[in-house]
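Source: prediction; values computed, not measured. Throughout, protein chains are lettered first and strands after them, A, B, ... in sequence-line order, and every chain is numbered starting at 1.
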Amino acid sequence: MSLTNFCQAEYRRLKKIQNYQYLLPNYFKKVGIGLLILSLITLISRKYLFDDGEMLRQIAKKGMLLSLLLITISKEKIEDELIIKLRGQAFAFAFVAGVIYTLIQPIINYIVALVIRPEKAVFDGLEDFIILWFMMVMYLTFFYLFKRYR
Amino acid sequence: MKNRIKIERAILDITQEDLSHKIGVSRQTINSIEKNRYVPSTVLALKLSEVFNKPVNEIFELEAND
């Protein structure tokens, strides 16, 4: 394969990925909301139902992330070009907010711990669940705000 | 960019809802375009021109700051 053919093939592959419709049908939003409620109920009730609900807690947390992802990537009832633009803007804002949060929150946690319990203060990173949860919640907040004031 | 969508709609006597159905977008998108909050794509501008039966540059007009 010549270099030109290779480049053309790569370009076609890239275009295919670029044009891939990654959004799910609108009814997945309802599925996502249902799963989110179920995950929240499980997270709250496991303390009262089980002595050691660590595994259930982990499953509920994964369920929550999955539900937020389903809501995030479900189409609106009318998915037009303005919605696609707002989606892109909301993703960009959420990404930046996520990075800033990941950088700043451990410092805040450390300072608060120093003030409250200095002997137990440890400078630690954030849990992956918290970062992903924060980014998806930020995305949904920005998206629905933009959509409301479009 | 200024536009005459509201005027053209009035000429055809159609609502934002009717126009949105004709070009396959939401009513809110038509409202945003009319209020100059959103500049539509060429495809959407051409669909509007088809509905109003007028060239695109008669519906949309550039302003000094564009």
Side-chain angles (χ1 to χ4, degrees), chain A residues 11-34 36 68-97 136-150, chain B:
Chain A
Y11 177 76
R12 274 197 300 274
R13 207 169 296 147
L14 186 68
K15 279 286 155 198
K16 214 172 168 182
I17 295 168
Q18 206 178 0
N19 296 332
Y20 181 70
Q21 183 64 270
Y22 63 90
L23 295 173
L24 297 169
N26 180 253
Y27 63 83
F28 273 93
K29 192 170 280 177
K30 285 177 189 156
V31 177
I33 292 168
L36 182 66
L68 284 172
L69 182 69
L70 286 179
I71 299 169
T72 301
I73 61 168
S74 307
K75 277 183 190 168
E76 292 300 297
K77 276 187 185 139
I78 302 171
E79 185 80 18
D80 59 22
E81 58 176 52
L82 179 55
I83 290 290
I84 293 167
K85 185 191 166 201
L86 298 181
R87 218 178 258 291
Q89 285 175 337
F91 268 126
F93 271 98
F95 183 77
V96 174
M136 282 196 274
V137 168
M138 276 291 116
Y139 164 78
L140 291 171
T141 310
F142 282 125
F143 179 62
Y144 286 103
L145 266 178
F146 292 161
K147 214 181 114 183
R148 191 183 169 131
Y149 296 106
R150 70 185 128 163
Chain B
M1 188 149 68
K2 286 191 295 186
N3 69 71
R4 285 171 46 89
I5 294 176
K6 201 172 180 177
I7 300 161
E8 296 300 334
R9 251 190 337 103
I11 293 168
L12 290 183
D13 193 24
I14 54 170
T15 62
Q16 287 185 342
E17 190 81 42
D18 298 332
L19 182 59
S20 69
H21 287 310
K22 280 178 195 281
I23 61 170
V25 294
S26 65
R27 190 195 59 75
Q28 289 88 344
T29 300
I30 298 293
N31 189 42
S32 297
I33 299 170
E34 275 189 13
K35 297 243 165 88
N36 290 325
R37 288 196 299 257
Y38 175 61
V39 178
S41 68
T42 315
V43 175
L44 207 55
L46 287 169
K47 282 183 183 174
L48 285 166
S49 115
E50 213 170 62
V51 172
F52 297 136
N53 204 18
K54 285 195 172 160
V56 173
N57 58 359
E58 276 187 30
I59 302 168
F60 296 97
E61 197 184 314
L62 286 172
E63 285 178 299
N65 58 347
D66 284 322

Student: Please work out which of the three classes, parallel, tilted or perpendicular, describes the rings of A/F93 and A/F146, given edges at 30° and 60°.
Tutor: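 Taking A/F93 first and then A/F146, their aromatic rings stand perpendicular (interplane angle over 60°).
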Student: Tell me whether A/Y144 at atom OH has more than 12 heavy atoms from other residues, nucleotides or ligands lying less than 6.0 Å away.
Tutor: yes
Student: What part of A/K147 is in contact with chain B, defined as an atom under 4.5 angstrom from a non-hydrogen atom: side chain, backbone, both or neither?
Tutor: neither
Student: Enumerate by number any residue of residues 51-59 of chain B whose heavy atoms lie under 4.5 Å from heavy atoms of chain A; in the absence of such residues, state 'none'.
Tutor: none
Student: B/I23 versus B/I30: any side-chain heavy-atom pair under 4.5 Å?
Tutor: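 Yes, close enough: below the 4.5 Å cut-off.
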Student: For the pair B/R37 (side chain) and A/R150 (backbone), establish whether a donor and an acceptor sit closer than 3.5 Å, ignoring hydrogens and angles.
Tutor: yes
Student: What part of B/S32 lies closer than 4.5 angstrom to a heavy atom of chain A: side chain, backbone, both or neither?
Tutor: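 Contact with chain A: side chain only.
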Student: Please examine the side chains of B/M1 and B/N36, heavy atoms only from C-beta on, and report whether any two atoms are closer than 4.5 Å.
Tutor: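 The answer is no, as the side chains (C-beta and beyond) never meet within the 4.5 Å cut-off.
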Student: Thinking salt bridges, do A/R87 and A/E79 make one under a 4.0 Å N-O criterion?
Tutor: yes
Student: Residues in side chain to side chain donor-acceptor pair (under 3.5 Å) with B/S41, at least two apart?
Tutor: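 Side chain to side chain donor-acceptor pair (under 3.5 Å) check on B/S41 returns A/E81.
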